[in-house]
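Along the sequence shown, residues are numbered consecutively beginning with 1.
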Amino acid sequence: MAGGPEYQPLLRKIPGSKHPTQKLFWAVCAVGIGGTFQYGYSLSVINAPTTHILKFINNTWHDRRQTTLDEGLLTLIWSTIVSIFTLGGLLGTYIGGNLANKLGRKKTLLINNFFAIVAAFFMGLAEPAGLFELLIIGRFFIGINAGIGICVQPLYLGEIAPKSIRGQTTVAINVFLTFGILAGQIVGLREILGSEDSWPFLLSTCCIPAFIQLLVLPFFPESPRYLLIEEKNEYECQKVLKSLYGPQFYQTEMEDIQKESLALNGEKPMKALALFSDRTIRWQLIITIITNVGQQLSGINAIYFYAEYVFTRAGIPTQNIPYVTLGTGICECATALTCGLLIDTAGRRVLIIGGYAAMALWCALLTVTLTFQDAFSWVPYLSMAAILAFILCFGLGPGGVTNTLTAELFTQSARSGAYMIGGAVSWISFFAVGMIFPFIVNGLNQYCFLFFLVECVLIAGFIYIFVPETKNKSFLEIKEDFQKLNFGHISSILREDRSKYSTFAMEM
């Protein structure tokens with residue numbers, strides 16, 4: 001499985017943890033292959049055959065109407081094929097959150113694979129049938145699959161992991177995402193499946209991760225927290241914990257889940273909209289929304305937009321740029337793995353604040369180097385270094401930590417609703433960035449990075465002031481940390497934190 005061998009050292013032997021984690025590791029892999037790996041793969045695999053798909057749409061239109069397709073209409077059809085993925089993802093987030101509560105995390109993930117299989121069928125059939133509309137339908141279904149996966153996978157991982165390694169376990173979300181993106185880039189090379197004859201098969205390969213998960217996930221258990229807190233099945237919960245941690249180590253986690261169950265006092269899973277009126281989780285919800293929006297607006301999309309231009313200016317032949325782009329994918333994979341190694345020792349705050357602060361620095365440098373790109377022969381290489389450094393910082397910070405925070409800030413009754421809200425905000429931001437970003441670039445050119453610089457500084461400052469450290473804490477302990485924010489007066493809290501913010505400003 002992609003990402004498996006490389007990630008295994010993170011979970012096999014962890015300093016300070018007595019839990020035997022080999023089965024936990026394989027459970028993470030079984031969930032990841034059909035979750036964020038599938039999402040990352042679907043994001044990147046559509047890029048390679050762009051030229052071939054546009055030609056197919058043109059030829060199909062001509063065969064039907066004996067006229068040439070207007071360029072504006074061609075752009076609209078292609079934009080629909082690409083952007084319908086985000087609308088499917090938004091719907092998938094809603095479906096995933098509700099199914100996870102009704103059927104459980106494991107069953108929802110298994111059912112989700114059928115959306116990917118249906119998507120593969122439609123996209124593979126589009127070219128032989130001469131119907132480009134099937135590509136739109138297929139991308140919509142794979143979007144639903146991605147939305148469900150990115151909502152339910154973090155739920156499952158956050159609930160099966162002991163608190164001592166919960167950060168490393170949930171960082172697997174980003175590890176599999178980056179390996180999925182890299183796999184899509186590799187398979188999309190023209191020597192593999194990126195040729196004109198192979199692109200229908202390339203798009204239909206999304207069924208492979210789905211079939212793998214359908215084969216392996218049934219051998220792993222349901223979330224123990226779901227079993228005890230929502231299903232009231234203490235025997236099955238105990239059985240699952242023993243299988244994950246061994247009979248000599250499960251008791252601590254069992255007691256932690258029982259405490260949370262008693263604190264919730266039979267409270268049913270909350271609807272997503274009900275979370276907005278619950279004062280006990282007000283700031284957890286604000287943090288979830290801001291960090292998910294901040295991740296999308298951090299400038300990572302601008303980095304990839306300018307990457308090809310910078311690589312070209314550095315003298316890399318156009319036909320070789322896809323291979324150089326693989327380097328950015330490898331950078332993301334390396335930083336995702338590094339984040340997994342550091343998150344439970346350095347902590348969440350250090351990584352995410354440091355990531356945003358460093359990204360702001362690289363945005364400033366990129367603004368300068370892109371402005372003087374033609375002034376000196378060495379400037380494009382400095383731009384290349386800044387791009388790779390930005391990607392590294394994104395993977396170590398917001399890319400790796402955001403989903404972990406969402407998993408940790410809520411107790412069982414609110415967690416699935418929180419992921420629905422966080423996922424919806426993320427998908428809407430993703431769609432908005434895709435629609436607005438070209439106009440920002442056309443209007444500001446390289447100065448668009450100044451906007452991202454300000455955004456990174458603001459998000460880093462917000463996290464520095466309002467987000468407590470969550471490593472090695474139970475969900476109930478984290479909830480207690482937020483009581484002052486949720487029930488105190490924000491003005492007094494800000495006064496108390498004024499010195500903290502001044503310290504942060506000086507550090508920046």
Side-chain angles (χ1 to χ4, degrees), residues 10-11 13-25 27-28 31 100-101 104-106 152-173 220-270 280-281 284 343-345 347-348 401 403-419 467-483 486:
L10 304 187
L11 293 175
K13 186 178 179 182
I14 296 159
S17 173
K18 295 181 181 179
H19 296 290
T21 53
Q22 190 170 39
K23 185 164 186 178
L24 178 62
F25 163 75
V28 169
V31 173
N101 287 332
R105 285 52 165 147
K106 177 182 170 181
V152 182
Q153 181 189 348
L155 276 176
Y156 183 86
L157 295 183
E159 292 173 2
I160 67 170
K163 63 183 179 183
S164 59
I165 58 167
R166 192 170 56 227
Q168 292 183 333
T169 306
T170 51
V171 162
I173 298 162
F220 295 93
E222 178 56 270
S223 157
R225 272 187 157 76
Y226 175 82
L227 289 171
L228 179 59
I229 299 175
E230 298 185 31
E231 293 293 301
K232 310 301 180 188
N233 193 333
E234 186 169 342
Y235 172 75
E236 282 297 323
C237 174
Q238 191 175 86
K239 184 179 175 182
V240 166
L241 288 173
K242 285 181 179 179
S243 73
L244 288 173
Y245 312 138
Q248 66 272 45
F249 297 120
Y250 83 96
Q251 193 61 45
T252 303
E253 297 303 321
M254 186 72 188
E255 290 172 1
D256 187 51
I257 298 173
Q258 286 172 332
K259 287 179 184 177
E260 187 176 345
S261 181
L262 287 171
L264 292 171
N265 195 26
E267 185 179 346
K268 297 292 183 182
M270 299 173 67
T280 64
I281 55 171
Q284 294 96 308
I343 192 167
D344 282 319
T345 52
R348 285 64 158 153
V401 181
N403 271 309
T404 299
L405 279 178
T406 306
E408 293 181 325
L409 296 184
F410 300 89
T411 52
Q412 188 75 15
S413 60
R415 193 173 296 119
S416 60
Y419 264 107
V467 181
E469 183 54 70
T470 58
K471 71 172 183 176
N472 292 328
K473 292 181 180 179
S474 70
F475 294 124
L476 288 178
E477 289 171 337
I478 294 168
K479 185 177 181 179
E480 284 296 318
D481 288 342
F482 277 96
Q483 294 313 295
N486 288 324

How many angstroms lie between [atom1] in [X] and [atom2] in [Y], if you round to the nearest 0.5 Å?
X      : Y      : atom1 : atom2 : value
Leu244 : Ile160 : CG    : CD1   : 6.0 Å
Gln284 : Ile478 : CD    : CD1   : 9.5 Å
Thr404 : Leu157 : OG1   : CG    : 9.5 Å
Glu480 : Phe475 : CD    : CZ    : 15.0 Å

Between [X] and [Y] (side chain of the first, backbone of the second, donor and acceptor by atom type, cut-off under 3.5 Å), is there such a pair?
X      : Y      : result
Lys106 : Phe220 : yes
Asn486 : Thr280 : yes
Glu469 : Arg348 : yes
Tyr419 : Asn403 : yes
Lys242 : Tyr250 : no
Arg166 : Ser474 : no

Please report the shortest heavy-atom distance between [X] and [Y], naming the atom on each side.
X      : Y      : value
Ser243 : Lys23  : O-CD, 3.2 Å
Pro221 : Tyr156 : O-OH, 2.5 Å
Tyr226 : Asn101 : OH-O, 3.4 Å
Pro224 : Ile257 : CB-CD1, 4.2 Å
Leu24  : Pro162 : CD2-CD, 3.9 Å

Task: Residues that Glu159 engages under side chain to side chain donor-acceptor pair (under 3.5 Å), provided they are two or more places apart - done: Arg105, Ser223, Gln412, Arg415

TODO: Kindly write out the residues that satisfy side chain to side chain donor-acceptor pair (under 3.5 Å) with Thr406, not counting sequence neighbours, or none if the list is empty.
DONE: none

Open item on the list: With side chain to side chain contact (heavy atoms under 4.5 Å, CB included) as the test, pick out the partner of Leu228 among Met254, Glu260, Glu236.
Closed with: Met254

- [ ] Look at atom NZ of Lys239 and say whether more than 12 heavy atoms of other residues, nucleotides or ligands are closer to it than 6.0 Å.
- [x] no

Task: NZ/Lys259: more than 12 non-hydrogen atoms of other groups inside 6.0 Å - done: no

